[in-house]
**Student:** 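Below you will find the structure I want to go over with you.
Chain letters run A, B, ... following the sequence lines, proteins first and then strands; every chain starts at 1.
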Amino acid sequence: MCGRYANALSARQLTESFAARDETDGVQPNFNVSPTNIAPVVVIPSEGPLAGARLRTARWGLVPSWARDVAIGNRLINARAETVATKPAFRAALRARRCLVPATGYYEWHRADGARRGQPYLVRPADDTPAGLAGLYEVWHPPSGGVLATFTVITTTAAGGLEFLHPRSPVLLPQASWSRWLDPCVNDPEAVTGMLGPAPAGMLRAYPVSSRVGNVRNNDPHLLDPVVV
DNA sequence: CCAGACGTTGTT
DNA sequence: GTCTGG
DNA sequence: CCAGACGTTGTT
DNA sequence: GTCTGG
């Protein structure tokens, strides 16, 4: 699944990699993105005079428009590709508010039989290019006023070769399908769910990293470093 | 009809 | 907002 | 996802 | 054991 990830790129690097206009006020790299964190996402708004992709920030954990409490989003950090088109919390966003979640890689905890704690791994593209995770975003109006953008990461069956780690993986969209995934004119659920397959074997590599990543207060580039276990 | 839920993952 | 359960 | 809290009363 | 916060 996907409950923690890293984004090592600056706002400037993200705008180049994703061909997006920066609307974030210069978001910083985050090597330990956890649920409820504000993180950059790439979207194409369906309204407005300017065409093209934008880099914006949103809170991880999708809060549906009808929610009364932001805490609902704490458990909606992932959406299953198999059911996202029909779930009340996600289907509106699937039609109209898809996004890319830029990631250097995501963390997976591998718990051996009977082990108390899992060994964290970093899973990242084998060629070290930035990943675009398939995401959905939503705009929520808190009772107290204001507006909050939130997002979730879509999961599917494990990517090729990563079955040993976990039965699920986040969807990594190939660069060739980024623009179609984001295109707000595409609103046929079947057309978009068709893009949500597992990555083929060889596309990703996974290696153990420091258990320091478990504590959300730790956030530095060395969290990406391989360790020997 | 109204009231209340609306989700994922993993573990048992 | 929309569906499910009573 | 993991880490850390998890309660009440009364007093300041 | 289970929930909340990050």
**Student:** Nearest nucleotide by nearest heavy atom, which residue falls closer to the 5' end of DNA chain B, Thr156(A) or Trp66(A)?
**Tutor:** Trp66(A)

**Student:** If I pick the P atom on dG6(E) and the same atom on dC6(B), what distance separates them, to the nearest angstrom?
**Tutor:**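 24 Å, rounded to whole Å.
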
**Student:** Within this structure, what is the CZ-to-C1' distance between Arg168(A) and dT11(B), rounded to whole angstrom?
**Tutor:**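 In whole Å, dT11(B) C1' lies 17 Å from Arg168(A) CZ.
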
**Student:** Quote, to the nearest angstrom, the P distance that separates dT4(E) from dT8(D).
**Tutor:**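 Result for the P pair: 15 Å, nearest Å.
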
**Student:** Using side-chain heavy atoms (C-beta onward) and a distance below 4.5 Å, is Arg212(A) in contact with Leu223(A)?
**Tutor:** yes

**Student:** Any side-chain N or O of Arg217(A) below 4.0 angstrom from OP1/OP2 of dG4(D)?
**Tutor:** yes

**Student:** Within the 4.0 Å heavy-atom criterion, would you say Thr155(A) contacts the bases, only the backbone, or no part of the nucleic acid?
**Tutor:** sugar-phosphate

**Student:** What's the gap between dC1(D) and dT12(B) when it is taken at their P atoms, as a whole Å value?
**Tutor:**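 To the nearest whole Å, 14 Å.
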
**Student:** Side chain of Trp109(A): nearest nucleotide among dG6(E), dG1(C), dC2(D)?
**Tutor:**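 Of dG6(E), dG1(C), dC2(D), dC2(D) is nearest to the side chain of Trp109(A).
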
**Student:** Please report the distance separating the C1' of dC2(B) from the corresponding atom of dT9(D), rounded so that it comes out in whole Å.
**Tutor:** 41 Å

**Student:** Quickly work out the Asp69(A) CG to dG5(E) C1' distance and round it to whole Å.
**Tutor:** 13 Å

**Student:** Where do Leu14(A) and Pro102(A) come nearest, in terms of heavy atoms and distance?
**Tutor:**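 The answer is CD2-CB, 3.5 Å.
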
**Student:** Side chain of Arg91(A): nearest nucleotide among dC1(D), dT2(C), dG6(E)?
**Tutor:**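 Nearest to the side-chain atoms of Arg91(A), counting from C-beta on, is dT2(C).
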
**Student:** Nearest to the side chain of Ala89(A) - dG6(E), dC6(B), dT9(B)?
**Tutor:** dC6(B)

**Student:** Using a cut-off of strictly less than 4.0 Å, decide whether Arg68(A) has a side-chain nitrogen or oxygen near OP1 or OP2 of dC6(B).
**Tutor:** no

**Student:** Between Leu76(A) (CG) and dT9(B) (P), how many Å, whole number?
**Tutor:**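 Atom-to-atom, Leu76(A) to dT9(B), this comes out as 11 Å.
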
**Student:** For residues Val171(A) and Met195(A), determine if any side-chain heavy atom of one lies less than 4.5 Å from a side-chain heavy atom of the other.
**Tutor:** no

**Student:** Out of dC1(D), dC6(B), dT2(C), which nucleotide sits closest to the side chain of Pro35(A)?
**Tutor:** dC1(D)

**Student:** Does OP1 or OP2 of dC1(D) have a side-chain N or O of Thr36(A) closer than 4.0 Å?
**Tutor:** no

**Student:** If you check every side-chain atom of Arg111(A), which of dC2(D), dC3(C), dG6(E) has the closest atom?
**Tutor:**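 The answer is dC2(D), which lies nearest to the side chain.
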
**Student:** Give the rounded distance in Å between these two atoms: CD of Glu108(A) and P of dT9(B).
**Tutor:**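 Rounded to the whole Å, the gap is 11 Å.
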
**Student:** Look at all strands and tell whether Thr152(A) reaches a base, only sugar-phosphate, or nothing, counting heavy atoms closer than 4.0 Å.
**Tutor:** nothing

**Student:** Just N and O in the side chain of Lys87(A): are any of them under 4.0 Å from OP1 or OP2 of dT8(B)?
**Tutor:** yes

**Student:** With both distances kept under 3.5 Å, what pairs with dA3(D), Watson-Crick or G-U wobble?
**Tutor:** dT4(E)

**Student:** Grab the NE2-C1' distance between His110(A) and dC1(D) for me, whole Å please.
**Tutor:**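 Atom-to-atom, His110(A) to dC1(D), this comes out as 15 Å.
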
**Student:** State, yes or no, whether a side-chain contact exists between Val101(A) and Tyr137(A) at a heavy-atom distance under 4.5 Å.
**Tutor:**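 Sidechains of Tyr137(A) and Val101(A): no contact.
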
**Student:** Tell me whether the rings of Trp178(A) and Phe18(A) are parallel (<30°), tilted (30 to 60°) or perpendicular (>60°).
**Tutor:**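 Ring orientation, 0 to 90° scale: parallel.
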
**Student:** I need the CG-C1' distance between Leu223(A) and dC2(D), as an integer number of Å.
**Tutor:** 13 Å

**Student:** Send over the distance from Ile77(A) CD1 to dG5(E) C1', rounded to a whole Å.
**Tutor:** 12 Å

**Student:** Relative to the ring of Tyr121(A), is the ring of Phe164(A) parallel (under 30°), tilted (30 to 60°) or perpendicular (over 60°)?
**Tutor:** perpendicular

**Student:** So do the side chains of Leu172(A) and Met203(A) get within less than 4.5 Å of each other, counting heavy atoms only?
**Tutor:**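 Of all side-chain heavy-atom pairs linking Met203(A) with Leu172(A), none is under 4.5 Å.
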
**Student:** Counting only side-chain heavy atoms from C-beta out, which of dG4(D), dT8(B), dT9(B) sits nearest to Phe90(A)?
**Tutor:** dT8(B)

**Student:** Identify which nucleotide among dG1(C), dT8(B), dG6(E) has an atom closest to any side-chain atom of Pro88(A), counting heavy atoms from C-beta outward.
**Tutor:** dG1(C)

**Student:** In this structure, how many angstroms lie between the C1' atom of dC1(D) and the CZ atom of Arg212(A), rounded?
**Tutor:**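 About 17 Å, once rounded to whole Å.
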
**Student:** Of the nucleotides dT11(B), dG1(C), dT8(B), which one has an atom closest to the side chain of Asn78(A)?
**Tutor:**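 The nucleotide sitting nearest to the side chain is dT8(B).
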
**Student:** Nearest to the side chain of Arg4(A), heavy atoms from C-beta on, is which of dC2(D), dT8(B), dT9(B)?
**Tutor:**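 Nearest listed nucleotide: dC2(D).
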
